[in-house]
2 protein chains.
Amino acid sequence: MAVESSGALAPPVPAARRSPPTISDVADRCGVAVSTVSRALTRPGRVSEATRLRVVAAAEALGYQANPRARSLLSGRTDTIALLVPDITNPFFFGVVRGTQRQSAAAGYAQLLVDTQESVEVEARELARLPKSVDGLVLAASRLSDDELVEVAATVPLVTLNRDVPSVPGVVIDTTSGMVQVVEHLASLGHRHLAFAAGPVTSWSGARRWRAVRAAARRLGLTATRLGPFAPTVESGAAAADATLNTGATAVVAFNDVLAIGVLKRLRERGVGVPQEVSVVGCDDIFGADFCHPSLTTLTAPVESAGRVATDMLLDQLGRGTGRGVPRAQEVLPTHLTVRESTGPAPARAARPRSRS
Amino acid sequence: MAVESSGALAPPVPAARRSPPTISDVADRCGVAVSTVSRALTRPGRVSEATRLRVVAAAEALGYQANPRARSLLSGRTDTIALLVPDITNPFFFGVVRGTQRQSAAAGYAQLLVDTQESVEVEARELARLPKSVDGLVLAASRLSDDELVEVAATVPLVTLNRDVPSVPGVVIDTTSGMVQVVEHLASLGHRHLAFAAGPVTSWSGARRWRAVRAAARRLGLTATRLGPFAPTVESGAAAADATLNTGATAVVAFNDVLAIGVLKRLRERGVGVPQEVSVVGCDDIFGADFCHPSLTTLTAPVESAGRVATDMLLDQLGRGTGRGVPRAQEVLPTHLTVRESTGPAPARAARPRSRS
DNA sequence: AAACGGCTGGCAACCCTTTGCCAGCGCCGA
DNA sequence: TCGGCGCTGGCAAAGGGTTGCCAGCCGTTT
């Protein structure tokens with residue numbers, strides 16, 4: 001016992017804790033077989049009420065709790081799901097974590113959180129390892145190829161988030177049609193030249209956003225220039241802002257809010273008026289988008305809902321769903337444009353490329 | 001075998017996946033005993049090199065991976081640690097999650113993330129349940145009593161974060177002495193009346209912050225009024241702001257940044273100039289504190305470091321530490337005041353209580 | 001040539017729980 | 001009174017891997 005200081009020399013390992021009571025301790029204590037204890041605790045009608053009470057009392061007295069590892073060895077179930085995100089630093093994923101956490105907890109599942117560090121290798125390694133430890137996976141913004149994902153999905157229940165792979169259940173936030181709203185908003189404000197500050201090249205949703213912006217711009221007769229790629233961090237926003245100014249665009253649409261906030265910061269440092277000289281639009285509506293300065297016009301994404309829905313879909317696959325309705329294979333969540341202070345009318349004369357101050 | 005569709009009726013469960021190869025499959029394939037396979041894969045010197053190579057080749061060919069559940073049943077180890085936070089919604093804990101996640105991943109541990117929802121009951125329930133599933137726990141901002149924590153720590157390796165319990169290893173962020181800096185900063189700006197917007201009553205660190213503010217204010221001859229408690233959310237900031245204005249204080253120190261940002265928001269809505277009429281100070285320096293408007297003067301807490309250090313201390317207890325230096329029992333991390341735009345000289349005439357516009 | 005010892009690999013117990021199968025018992029009806 | 005049946009509880013296997021102990025083999029030493 002490590003609690004009492006035995007005087008001489010303390011063991012290197014702090015505490016040698018007594019092992020918790022097992023099912024056979026309970027069985028011994030009330031003179032029945034272990035199988036009876038197991039049934040008394042898990043199969044209500046299977047043993048007599050008298051026996052059940054004795055067993056329950058003994059279990060209570062000993063503080064017995066079934067060892068979930070032993071249980072899962074036989075049942076194959078761990079009551080745990082894993083959430084993989086590319087970058088836990090990104091506030092977008094905080095929302096996802098919240099949504100999945102709340103929903104899985106409500107269903108009695110624990111959640112393993114894994115950061116794949118934007119790395120294809122780490123992601124692949126974890127996907128190979130995790131199925132042994134969890135019942136299912138929610139895979140947010142995967143960097144893997146469609147084929148790889150199909151293969152994984154054949155091994156373990158899997159739901160993707162913001163990644164649409166045919167035949168793999170998933171939920172995507174529909175930023176594509178949202179981007180159309182963004183471009184229309186900017187067009188109606190008189191902007192003719194847009195810049196798009198792209199995110200990581202491996203980002204599936206990033207690619208979709210750019211395509212949507214480009215298509216909408218073309219349709220409305222605007223020009224759109226793609227810049228980047230930029231890391232989705234506040235720091236990278238500086239580079240994105242500078243690149244934007246070089247293009248002479250009067251409005252910049254950023255891959256996401258983190259980048260957009262970085263752009264705002266840099267523009268302020270350079271003395272460029274937002275939205276007087278340049279309008280800035282983000283994507284996601286993360287924590288902070290409403291209280292940054294100027295507050296950010298952005299495409300509001302139901303991030304937490306997406307996490308919840310993805311978890312629901314996974315629980316459906318695990319046979320633990322809410323039971324209402326048929327299991328969903330693909331889910332698309334709508335976005336809406338939230339106009340705040342960072343967008344405004346295009347300057348009377350189109351901005352010209354500015355050299356760095 | 002469920003893989004072949006037996007024609008008649010499809011199983012209700014979507015995909016019955018073939019069970020992964022076991023150690024005995026590998027043993028059969030290369031004609032050795034399972035014990036030899038086990039040793040070949042885990043005890044480098046215990047079998048001949050020739051045998052080892054044959055086993056490794058067979059395992060490779062079959063795609064064999066040891067079942068961690070079976071392994072943990074005997075070894076007792078799960079290579080998983082749990083992080084319990086009161087509210088996953090709070091950006092402060094994002095930093096903690098980041099720190100623990102990165103550090104545990106680096107040591108080969110998976111991380112279970114548990115949200116106790118600011119509830120003593122949920123926290124107690126999880127603490128009773130989790131030790132069976134994980135090797136150790138990092139417990140952030142626990143709401144439990146000292147005695148309860150000591151009891152839990154006797155059962156399972158445990159490190160607290162922002163909660164100092166004698167005899168339980170922990171890391172605390174030293175906001176106490178930081179609060180002295182805050183009060184001195186405000187005093188030097190000429191403020192005479194402070195308000196403190198308190199957080200949840202069960203928050204240990206919140207209580208310490210208030211005591212530090214009160215003591216420092218008394219020493220410097222200022223008055224300090226405690227307001228609240230307020231929930232640590234942006235929304236609650238409105239109530240905190242209103243309460244502050246009622247007191248006539250010229251500066252408000254908020255329990256944390258989330259609350260402070262809410263205060264800023266409300267003051268702007270009410271047309272109260274910050275810092276011209278009221279100065280606002282937060283605590284933690286969360287994501288957003290630097291780009292809110294006005295940017296927030298706050299006590300910068302090394303949140304991510306705290307998560308890392310706590311995880312290190314836990315790994316030490318698990319005998320998996322980095323090995324450098326002695327295991328630490330208690331760690332105190334310093335904070336520093338980051339002055340931004342939300343604090344300024346006290347108004348010439350002390351503000352008087354304002355009625356709601 | 002015999003004894004000894006080191007290296008290698010197999011046997012079987014063990015970790016803890018669940019569950020299929022079976023046996024004993026008591027009760028009921030015939 | 002006896003057969004049958006339902007209820008209850010026990011035995012043992014299973015789940016996948018680890019490890020203490022032992023045996024066989026081969027090489028070395030006396």
Side-chain angles (χ1 to χ4, degrees), chain A residues 16-59 62-80 129 131-135, chain B residues 1-2 16-59 62-80 129 131-135:
Chain A
R17 305 157 208 281
R18 70 180 174 293
S19 56
T22 72
I23 197 172
S24 53
D25 294 332
V26 179
D28 290 350
R29 189 174 224 267
C30 51
V32 297
V34 291
S35 51
T36 303
V37 175
S38 173
R39 279 189 281 251
L41 298 176
T42 59
R43 295 290 140 104
R46 188 58 180 74
V47 298
S48 69
E49 185 61 11
T51 309
R52 195 184 68 80
L53 288 175
R54 264 171 54 219
V55 169
V56 168
L62 262 46
Y64 169 74
Q65 292 187 145
N67 181 327
R69 302 202 284 272
R71 176 174 286 175
S72 87
L73 181 55
L74 196 55
S75 71
R77 288 188 36 201
T78 57
D79 289 342
T80 303
R129 198 176 63 85
K132 301 268 179 180
S133 316
V134 302
D135 293 345
Chain B
M1 276 293 153
R17 306 156 208 282
R18 70 179 177 292
S19 55
T22 73
I23 195 172
S24 52
D25 294 332
V26 178
D28 290 350
R29 188 174 224 266
C30 50
V32 298
V34 292
S35 51
T36 303
V37 176
S38 173
R39 278 190 280 251
L41 299 176
T42 60
R43 294 291 140 103
R46 189 56 181 75
V47 298
S48 68
E49 185 62 11
T51 309
R52 196 185 69 78
L53 288 176
R54 264 169 56 219
V55 170
V56 167
L62 263 47
Y64 168 75
Q65 291 188 145
N67 181 328
R69 300 202 285 271
R71 175 175 286 174
S72 87
L73 182 54
L74 191 56
S75 70
R77 290 188 35 202
T78 57
D79 288 343
T80 303
R129 199 176 63 83
K132 300 268 177 182
S133 316
V134 302
D135 294 345

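Here is the naming used below: chain letters follow the sequence lines, and residue numbers restart at 1 for every chain. All of these numbers come straight from a predicted model, not from anything done at the bench.
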Novice: Can you find a pair of side-chain heavy atoms, one from A/Thr36 and one from A/Arg46, that are under 4.5 Å apart?
Specialist: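 Not in contact.
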Novice: If I take atom CZ from residue A/Arg71 and atom CZ from residue B/Arg69, how far apart are they, to the nearest 0.5 angstrom?
Specialist: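 Reported value, rounded in 0.5 Å steps: 13.5 Å.
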Novice: Can you find a heavy atom in the side chain of B/Val56 that is under 4.5 Å from one in the side chain of B/Arg52?
Specialist: yes
Novice: Do A/Ser48 and A/Thr51 have side-chain atoms, one donor and one acceptor, less than 3.5 Å apart?
Specialist: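 Yes, a side-chain donor-acceptor pair sits under 3.5 Å.
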Novice: Are A/Thr80 and A/Ser133 packed together at the side-chain level, in the sense that at least one heavy-atom pair is separated by less than 4.5 angstrom?
Specialist: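 No - every pair of side-chain heavy atoms lies 4.5 Å or more apart.
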Novice: Across nucleotides 11-17 of chain D, 5' to 3', mark each nucleotide with B, S or - according to how protein heavy atoms within less than 4.0 Å reach it.
Specialist: BB-BBBB
Novice: To the nearest 0.5 Å, tell me how far B/Asn67 CG sits from B/Thr22 OG1.
Specialist: 9.5 Å
Novice: If you define the side chain from C-beta out and look only at heavy atoms, does anything of B/Tyr64 sit under 4.5 Å from B/Asp25?
Specialist: no
Novice: Where does the chain A footprint on DNA chain C start and end, counting 5' to 3' with a 4.0 Å heavy-atom cut-off?
Specialist: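 The contacted stretch runs from C/dC16 to C/dC21.
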Novice: Base, sugar-phosphate, or nothing: which does B/Val32 touch, judged by heavy atoms less than 4.0 Å apart?
Specialist: sugar-phosphate
Novice: Side chains of A/Lys132 and B/Pro68: closer than 4.5 Å at any heavy-atom pair?
Specialist: yes
Novice: Categorize A/Arg46 for me: base, sugar-phosphate, or nothing, with a 4.0 angstrom heavy-atom threshold over every strand shown.
Specialist: base
